[in-house]
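See structure below.
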Amino acid sequence: MVKYKDVIVRVECLWKRFGGVVANECVSVEAREGEVVSILGPNGAGKTTLLRQVYGELRPDSGVVTVMGLSPRKAKERGVMGVVPQEATSFNLLKVREHVEMLIRLRGVPRGAVRGCVDEALEAVGLGEYGGRLIDDLSGGMKRLVLVASAIACRPRLIILDEPTVGIDAQNRRSIWNVIRAARDEGSTVILTTHYIHEAEELSDRVYLMNRRIIMEGSPSELRKVLPWVEVRVDDTGEVFRVGWDEAVGIIDDLVRRRVRFEVREPSLEDVFMKVFGGPHEAG
């Protein structure tokens with residue numbers, strides 16, 4: 001398993017404006033070989049704008065983006081990227097197998113490798129039995145799976161997934177999680193955006209929190225340590241104590257002596273997200 005070897009994507013002080021609106025403000029991120037990196041932030045935070053510059057759809061106003069030491073355009077020409085854009089739609093008049101085959105052929109995959117790549121990708125996302133089906137006959141969630149299969153087929157060096165599991169049921173979402181983990185374990189770099197914070201926590205080696213600019217970065221465990229509390233929830237009364245560990249030990253000791261049922265919860269990545277970006281109770 002390849003982990004944290006070469007830097008595959010490097011973004012240095014990237015700026016992007018649309019008229020008078022700044023979408024990306026001196027954003028710097030990197031993603032290494034064999035690493036899953038998640039970019040998280042509220043709606044309008046500039047995540048999709050950032051990814052569009054990484055895969056070459058937009059040009060930055062200033063700053064530098066390199067993919068394997070190349071410009072995004074040249075990297076795309078060499079077929080090293082598989083991408084699922086946020087607003088992507090499938091070619092509905094194609095059959096499932098035809099769609100995946102077409103997109104990986106455009107990446108430059110040799111003809112002799114195509115069949116095996118298509119079979120593997122369709123099985124990985126749970127569409128193995130649907131290769132001959134017309135995409136127009138599939139549900140919205142299954143169409144999204146076709147796009148994911150097209151992006152991960154033949155294990156490109158860089159896989160960019162912008163909201164890959166939106167509209168997908170829980171079972172198929174888990175299939176995509178397994179696909180992402182397998183791609184990482186075989187050395188691919190995966191950059192992911194998602195509004196499912198638990199998804200990012202489960203999959204990511206590193207997380208960037210951004211709102212136009214990068215606000216915080218680290219592994220999920222490192223980011224959780226930003227919140228210095230533990231939560232003790234008493235089952236019988238519903239009381240919740242959110243306190244430091246020293247105080248929690250005393251509360252837990254008392255509950256154990258009284259044989260009261262309780263649960264202990266440490267902070268999650270979602271708690272960190274809500275602390276950084278605010279929630280409904282913090283508005284104003």
Side-chain angles (χ1 to χ4, degrees), residues 1-12 14 24 27-41 47-58 60 63-86 88 103-104 106-109 113 117 120-121 124-125 147-165 175-194 196 199-210 214 217-223 269:
M1 181 170 67
V2 180
K3 296 283 286 179
Y4 310 122
K5 193 178 178 182
D6 300 324
V7 175
I8 299 299
V9 175
R10 178 172 279 118
V11 177
E12 299 176 277
L14 199 70
N24 294 152
V27 173
S28 296
V29 304
E30 67 176 32
R32 297 177 180 273
E33 187 176 5
E35 182 178 41
V36 177
V37 174
S38 288
I39 314 289
L40 304 181
K47 306 182 297 295
T48 294
T49 299
L50 171 61
L51 293 192
R52 289 173 69 193
Q53 292 168 93
V54 172
Y55 60 77
E57 185 176 294
L58 287 176
V64 177
V65 181
T66 57
V67 178
M68 297 177 60
L70 305 170
S71 70
R73 180 181 60 82
K74 290 184 178 179
K76 184 180 289 187
E77 289 173 354
R78 295 193 182 185
V80 301
M81 282 190 266
V83 181
V84 178
Q86 185 181 64
L103 290 188
I104 64 175
L106 289 174
R107 253 197 266 144
V109 173
C117 286
E120 180 184 12
V125 301
L147 293 172
V148 172
S150 302
I152 60 96
C154 291
R155 294 285 191 267
R157 295 290 300 279
L158 173 62
I159 300 171
I160 298 176
L161 305 174
D162 195 354
E163 301 286 349
T165 59
S175 295
I176 291 177
W177 289 12
N178 291 336
V179 167
I180 291 172
R181 291 185 179 114
R184 174 194 60 194
D185 291 347
E186 293 185 16
S188 292
T189 299
V190 182
I191 301 179
L192 169 74
T193 72
T194 178
Y196 302 114
E199 181 169 87
E201 189 164 20
E202 283 286 322
L203 295 172
S204 303
D205 299 292
R206 199 145 43 90
V207 173
Y208 288 92
L209 300 181
M210 73 174 289
I214 300 301
E217 174 261 332
S219 68
S221 62
E222 289 169 341
L223 293 178
L269 187 59

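One-based numbering along the sequence shown. Only heavy atoms go into these numbers, but all of them, side chains included; no hydrogens, no water, no symmetry mates.
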What's the shortest heavy-atom distance between [X] and [Y], and which atoms?
{"X": "A75", "Y": "M81", "result": "CB-CE, 3.9 Å"}
{"X": "R184", "Y": "G34", "result": "CG-O, 3.4 Å"}
{"X": "A149", "Y": "A121", "result": "O-CB, 3.5 Å"}
{"X": "P164", "Y": "I176", "result": "O-CD1, 4.0 Å"}
{"X": "V84", "Y": "A151", "result": "CG2-CB, 3.5 Å"}
{"X": "L103", "Y": "S150", "result": "CD1-CB, 3.6 Å"}

Give a yes or no on whether the backbone of [Y] and the side-chain of [X] come within a donor-acceptor separation of less than 3.5 Å.
{"X": "Q53", "Y": "T49", "result": "yes"}
{"X": "R107", "Y": "A153", "result": "yes"}
{"X": "S38", "Y": "L40", "result": "no"}
{"X": "S204", "Y": "V207", "result": "no"}
{"X": "E77", "Y": "K74", "result": "no"}
{"X": "Y208", "Y": "E30", "result": "yes"}

Handout entry: Sequence-distant partners of T193, side chain to side chain contact (heavy atoms under 4.5 Å, CB included), two or more places apart
Key =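 Applying side chain to side chain contact (heavy atoms under 4.5 Å, CB included) to T193 gives I39, K47, L51, D162, E163.
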
Can you tell me how far [atom2] of [Y] sits from [atom1] of [X], rounded to the nearest 0.5 angstrom?
{"X": "S188", "Y": "E35", "atom1": "OG", "atom2": "CD", "answer": "13.0 Å"}
{"X": "K76", "Y": "E57", "atom1": "NZ", "atom2": "CD", "answer": "6.5 Å"}
{"X": "R52", "Y": "L50", "atom1": "CZ", "atom2": "CG", "answer": "11.5 Å"}
{"X": "E33", "Y": "I8", "atom1": "CD", "atom2": "CD1", "answer": "5.0 Å"}
{"X": "C154", "Y": "E120", "atom1": "SG", "atom2": "CD", "answer": "8.0 Å"}
{"X": "L269", "Y": "L223", "atom1": "CG", "atom2": "CG", "answer": "6.0 Å"}

Practice task
List the steps, then state whether side-chain contact (heavy atoms from CB on, under 4.5 Å) holds for V125 with S175.
Solution key: CA-CA 6 Å; V125 301; S175 295; 5.6 Å; no

Practice task
Evaluate the criterion side-chain contact (heavy atoms from CB on, under 4.5 Å) for residue pair V9 and L158; output intermediate values, then yes/no.
Solution key: CA-CA 8 Å; V9 175; L158 173 62; 3.6 Å; yes

Quick one, [X] and [Y] - any side-chain contact, counting heavy atoms below 4.5 Å?
{"X": "I159", "Y": "I191", "result": "no"}
{"X": "V54", "Y": "V11", "result": "yes"}
{"X": "L203", "Y": "R181", "result": "yes"}
{"X": "S28", "Y": "L14", "result": "no"}

Exercise for the section: Decide yes or no on side-chain contact (heavy atoms from CB on, under 4.5 Å) for T189 and R32, but give the supporting numbers first. Expected result: CA-CA 6 Å; T189 299; R32 297 177 180 273; 5.8 Å; no

Practice task
Evaluate the side-chain contact (heavy atoms from CB on, under 4.5 Å) criterion for residues E199 and T165: first the C-alpha distance (whole Å), next the side-chain angles of each, then the deciding distance (0.1 Å), finally the verdict.
Solution key: CA-CA 9 Å; E199 181 169 87; T165 59; 2.9 Å; yes

Practice task
Answer yes or no: is there an ion pair linking E217 with R206, defined by an N-O contact shorter than 4.0 Å?
Solution key: yes

